[in-house]
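Here is how names work: the chains are called A, B, and so on, in the same order as the sequence lines, proteins then strands, and each is numbered from 1.
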Amino acid sequence: MKTPLYYLRIYLSIVTQYIKAKLQYRTDFFISTIGMIFTNIAGIFPVWIIFHNIPSLHGLSFNEMLFIYCFSLLALSPLQLFFDNIWSIWSHLLSGTFIKYYLKPMNVMFYYMSEVFDLKGLSQVAIGIGGLIYASNQLDVQWTLLNIVLLIVSLIGASLIMISLMILAASTGFWIMDPWNVISLVNRFRDFAKYPVSIFNDFFKFIFTFIIPIGCIAFYPSQLFLNPLQDNEMIVFFSPLIGIVLFIIANAVWNKGINSYSGTGS
Amino acid sequence: MAMIRLENLSKHYKVLNRSEGLSGALKDLFSRDYRIVKAVSDLSLEVNAGEIVGFVGPNGAGKSTTIKMMTGVLKPTSGLLTVNGRIPTKNRAQNMQEIGVVFGQRTQLWWDLPVIESFKILRQIYRVDQSSYNENMNIFEELIDLKALYSTPVRYLSLGQRMLCDIVASFLHNPKVIFLDEPTIGLDISIKSRIREVIKTLNEHKQTTIILTTHDLSDIEALCKRIVIIDKGTTVYDGSIQKVSSMFGAHRTLKIQLPPAEYLALDQLATSVNGHFSQASAITMEQSEEGWIHFTINQDEVHLMDVLNYIGHHYPVHDIKIEEISIDKIVKNIYEGGLA
Amino acid sequence: MNMGRYLVIAKSSFMTRVARRSTFIFTFLGNLAYITVIYYLWMAVYEGNSMLNGMTFNQAFAYLALASSLFTMFQVYTEWFMSAHILNGDIITSFIKPLDYQFNKLFEAFGAVISNFITISIPTLLVIIFVFDTKIEVGLNLAFFVISLLMAMLISFFIDYMIGLCSFYTESIWGICTTKDVIVLFLSGAMVPISFFPEYLQTICAYLPFQAIYNIPLTIVTTPGLSLMDYANALAMQGMWVVILLLVSRLLHAVATRTITVNGG
């Protein structure tokens, strides 16, 4: 059996080498990082403008919105950093090069995703942490040990939600060959994670909580820190659970996909 | 001992019969109008440990489907298949520990990384211990000037250099079986012969079983004692390469192009050539597009130069090409009783 | 200039686009999701206010929903195709053809925009009007809206074209295109109507070409009771940007291509 340690060591050696190689193209890293920073700032821009016109949005202050937004940036960072190769899968599937990932004594998803580490995603982590610290200072969030543990656990769980949705989207490619459109569509939901689910009517509240659980990426788990702990509904604790369940499903679909995909051409 | 065993192996695909147009596309969503494509049917084969077997066939003969089944990528529809005593699709990841695969056009090395780093990562993936790693790297160094390439990122290697690196890399973990799928495709003669040398030396040194697919018969002549020819998913010949070489080694394909005005004279040309050379069975003719005519000539009976001289003398030849006989022609000949 | 040839280019670009059925189905679904979210977001913004910055909820929503529909319409990836062409060297073959490269790209973009308009924007528009029950004034504004859209498309194209030219200097296309997209969306009013911006940002935007892509056509179509003078001013502003950007982009084109001739590609 391959232990997690085995995979961790391989991942580290691939990624350190990959970073070394990429850093030789410093301008590319620099320009991509600028693009990433702009994208992340753009995410909060509409909210910032809106709060020039109104004092609170459905009971939330600007700093609370900022907190949720930065939480979502952090929860979406693992997807950006470790799973960016999802965007190339269409070309591997169409050209048939994807079968190369079957031919190592390793897990196929691990082998495939380990090929790309998205350096520019690091700026997203930096912005997320910076913004979260700023917002929690403004809001007087107390960072007790319990809160920090809760933050880490819910971030990891929440990150699995979007990762799983994107893997599910990519997996459709094993049957339809070119999953680009599906991936782009699912990717658009990434931007919605920053909005409070409370603004929706009951129908969409249900959808964004249970069907496409983007509310569990940032809005619900943020409530753990924005409200006194005992005032919360149960749902705020559920992100890790939902994340794990979704990931198990996504992994199963992916595995079913790699078994049914036979590769085109020779 | 049989390292690879295929018994009545079949792979059938279900293909949806697509209807045309928008209404057709809608209909296809619900229809279950499949037809079965038999990519491989009732293929039986046994390969012994240490053998190099040339595995050839025309495009679409089922070669790559068979290779994909042997490497555990595809699950057979029916039949028995074991590689190294194991069923490839069961515990795929574990089985890969004992197998090496090289695909002509796709590298297994890391595109952005220097060559040596790819080898180090492969060492970790296959858990090769330091001493056998060093030993193998020394062998590779003797075969190809690997050190000179150490720091070059794989993306900057020439196709030939990359292929050499890919081939030696597939031996790094001392696998029992290696599949080489078109390792010489797109390479020039000099690098081809180096690649053959490397494969031959490593096979002798390590007694690795090798399955080699190629479009180039000379690869097989240089490396294999045994050749398996398949067509339409099943074996049409399995035996010594010598027999194939002696049957077809003297065959050449002469391609001649006539100027457009002479296109119409093709029938006449055929009658005239057949009339001139009495050993008519030694020459077969085929029309191709744009005025090209392909002559397959058995030089044991008729010299190609004689045919060329004759045609050149009587017709305004525009262009010529001389090639070795292709696998497709051999297969056609086998059907006509050529290797019986 | 031989118009016939360029129309053939536009037509073939249109046909290629239209053939990709699944692309517009998925883009349309994405638009629906986005419009749903902004609908509820702006309902929350308008909680307790019937009017903000001179706009009713209905106007603000129509403005933003239409913006998303326009965004997908203008998204023809000119800059990405140009980069691919420049980086793999194929650009040379385009210079040999007896066609103006920029007009060639323009008509390609035009064909793609028309195809996007029919396959994505119209269905989106129907949903905005009928499902979300949004009132859009029917009158003279629609005629001016069409003219304004044409100019917006040109401005958007020239900006994309200049971004595409960057590939002569760098391979880092992702970063440049993303930054451009963000800045355009930021300062054009596509994310939030410009009238909601703080005063100083509004002033900055007024001097930049981006608001001419979204804010001007959207204001024309969603604001009732504009005078002919207002329309004329808005269109003149767009016209000015079309001319300026045309000239600047051609200048940059000349500079960039001179670089490759000097460097030998």
Side-chain angles (χ1 to χ4, degrees), chain A residues 25-43 45-60 87 118 120 169 176 178-189 191-201 203-205 207-208 212 214, chain C residues 20-34 36-49 52-53 55 60 64 68 72 75 166 169-187 189-199 201-202:
Chain A
Y25 307 94
R26 227 158 288 184
T27 37
D28 183 64
F29 171 66
F30 194 66
I31 295 174
S32 311
T33 300
I34 291 177
M36 198 71 202
I37 293 172
F38 264 97
T39 311
N40 287 332
I41 294 175
F45 181 79
V47 177
W48 180 72
I49 298 279
I50 286 170
F51 274 87
H52 269 87
N53 299 277
I54 51 170
S56 80
L57 184 76
H58 211 75
L60 292 166
W87 290 98
D118 189 53
K120 63 180 185 290
I176 63 172
D178 184 357
W180 178 271
N181 291 318
V182 186
I183 294 174
S184 307
L185 175 62
V186 173
N187 186 55
R188 286 179 80 169
F189 283 93
D191 290 341
F192 304 155
K194 63 182 176 235
Y195 295 119
V197 177
S198 52
I199 60 174
F200 295 106
N201 68 5
F203 176 74
F204 285 106
K205 239 181 238 168
I207 298 263
F208 291 137
I212 314 168
I214 47 168
Chain C
R20 292 197 207 114
R21 220 170 293 151
S22 71
T23 303
F24 58 73
I25 294 170
F26 281 99
T27 312
F28 172 65
L29 289 176
N31 281 357
L32 280 194
Y34 176 78
T36 309
V37 169
I38 56 164
Y39 179 82
Y40 286 102
L41 176 69
W42 285 81
M43 287 273 268
V45 171
Y46 274 86
E47 250 168 42
N49 309 298
L52 287 169
N53 301 303
M55 287 175 110
L64 290 166
S68 81
T72 40
Q75 201 172 33
C166 292
Y169 303 97
T170 172
E171 290 187 23
S172 325
I173 298 315
W174 186 90
I176 291 176
C177 294
T178 308
T179 308
K180 184 245 0 181
D181 276 346
V182 168
I183 291 176
V184 170
L185 290 177
F186 245 33
L187 302 178
M191 288 167 135
V192 183
I194 286 189
S195 58
F196 279 70
F197 286 17
E199 204 68 42
L201 259 185
Q202 289 198 32

(message) Under 4.5 Å from any heavy atom of chain C, what part of Asn201(A) do you find: side chain, backbone, both or neither?
(response) both
(request) Against chain C, label Val182(A) side chain, backbone, both or neither, depending on which of its atoms sit under 4.5 Å from a heavy atom there. (result) both
(request) State whether the side chain of Asn181(A) and the backbone N or O of Phe26(C) hold a donor-acceptor pair below 3.5 Å, judged by distance alone. (result) no
(request) Pick one of side chain, backbone, both or neither for Tyr34(C), based on which atoms fall under 4.5 Å of a heavy atom in chain A. (result) both
(request) Please flag which part of Ile50(A) lies under 4.5 Å from any non-hydrogen atom of chain C: side chain, backbone, both or neither. (result) side chain
(request) Can you tell which part of Asn53(C) gets under 4.5 Å to a heavy atom of chain A, answering side chain, backbone, both or neither? (result) side chain
(message) Any non-hydrogen side-chain atom of Thr23(C) less than 4.5 Å from a side-chain atom of Trp180(A)?
(response) no
(request) Taking all non-hydrogen atoms of both residues into account, name the closest pair between Ile199(A) and Tyr40(C) and its distance. (result) O-CD2, 3.6 Å
(message) Can you tell me which of Val182(C), Thr178(C), Leu185(C) forms the most heavy-atom pairs within a distance under 4.5 Å of chain A?
(response) Val182(C)
(request) Measure Ile183(C) against the heavy atoms of chain A and call it side chain, backbone, both or neither at under 4.5 Å. (result) side chain
(request) Looking only at non-hydrogen atoms, find the nearest pair between Arg188(A) and Asn31(C) and report the distance. (result) NH2-OD1, 3.1 Å
(message) Using a 4.5 angstrom heavy-atom cutoff, name the option from Phe30(A), Phe51(A), Phe200(A), Tyr195(A) with the most pairs to chain C.
(response) Phe200(A)
(request) Answer with side chain, backbone, both or neither: which region of Thr170(C) has an atom nearer than 4.5 Å to a non-hydrogen atom of chain A? (result) side chain
(message) Ring-plane angle category for Phe197(C) and Phe45(A), please: parallel below 30°, perpendicular beyond 60°, tilted otherwise.
(response) perpendicular
(message) Do Asp28(A) and Trp174(C) have side chains that approach each other closer than 4.5 Å (heavy atoms only, starting at C-beta)?
(response) no
(request) Measure distances from His52(A) to the heavy atoms of chain C and classify the residue's part below 4.5 Å as side chain, backbone, both or neither. (result) side chain
(message) Can you tell me if Phe38(A) has over 12 outside heavy atoms packed within less than 6.0 Å of its CZ?
(response) no
(request) Take Leu57(A) and Leu41(C), measure what side chain to side chain contact (heavy atoms under 4.5 Å, CB included) needs, and give me the verdict at the end. (result) CA-CA 9 Å; Leu57(A) 184 76; Leu41(C) 176 69; 3.8 Å; yes
(request) Could you look at Leu201(C) and say if it's the side chain, the backbone, both or neither that has a heavy atom under 4.5 Å from chain A? (result) side chain
(message) What part of Ser184(A) gets within 4.5 angstrom of chain C, counting heavy atoms only: side chain, backbone, both, or neither?
(response) neither
(request) Find the one option among Val45(C), Thr36(C), Ile176(C), Thr27(C) whose heavy-atom pairs under 4.5 Å with chain A are most numerous. (result) Val45(C)
(request) Select one option (side chain, backbone, both, neither) describing which atoms of Ile34(A) are under 4.5 Å from chain C's heavy atoms. (result) both
(request) Against chain A, label Leu52(C) side chain, backbone, both or neither, depending on which of its atoms sit under 4.5 Å from a heavy atom there. (result) side chain
(message) Please give me the minimum heavy-atom distance between Ala42(A) and Met191(C), naming the atom from each residue.
(response) O-CE, 3.7 Å
(request) Measure the CG-CZ distance between Leu185(A) and Phe28(C) for me, rounded to the nearest 0.5 Å. (result) 12.0 Å
(request) Locate the shortest heavy-atom distance separating Pro198(C) from Ile49(A); write the atom from each residue and the value. (result) CD-CD1, 3.9 Å
(message) Working to the nearest 0.5 angstrom, can you tell me the gap between Glu171(C) CD and Ile31(A) CD1?
(response) 10.5 Å
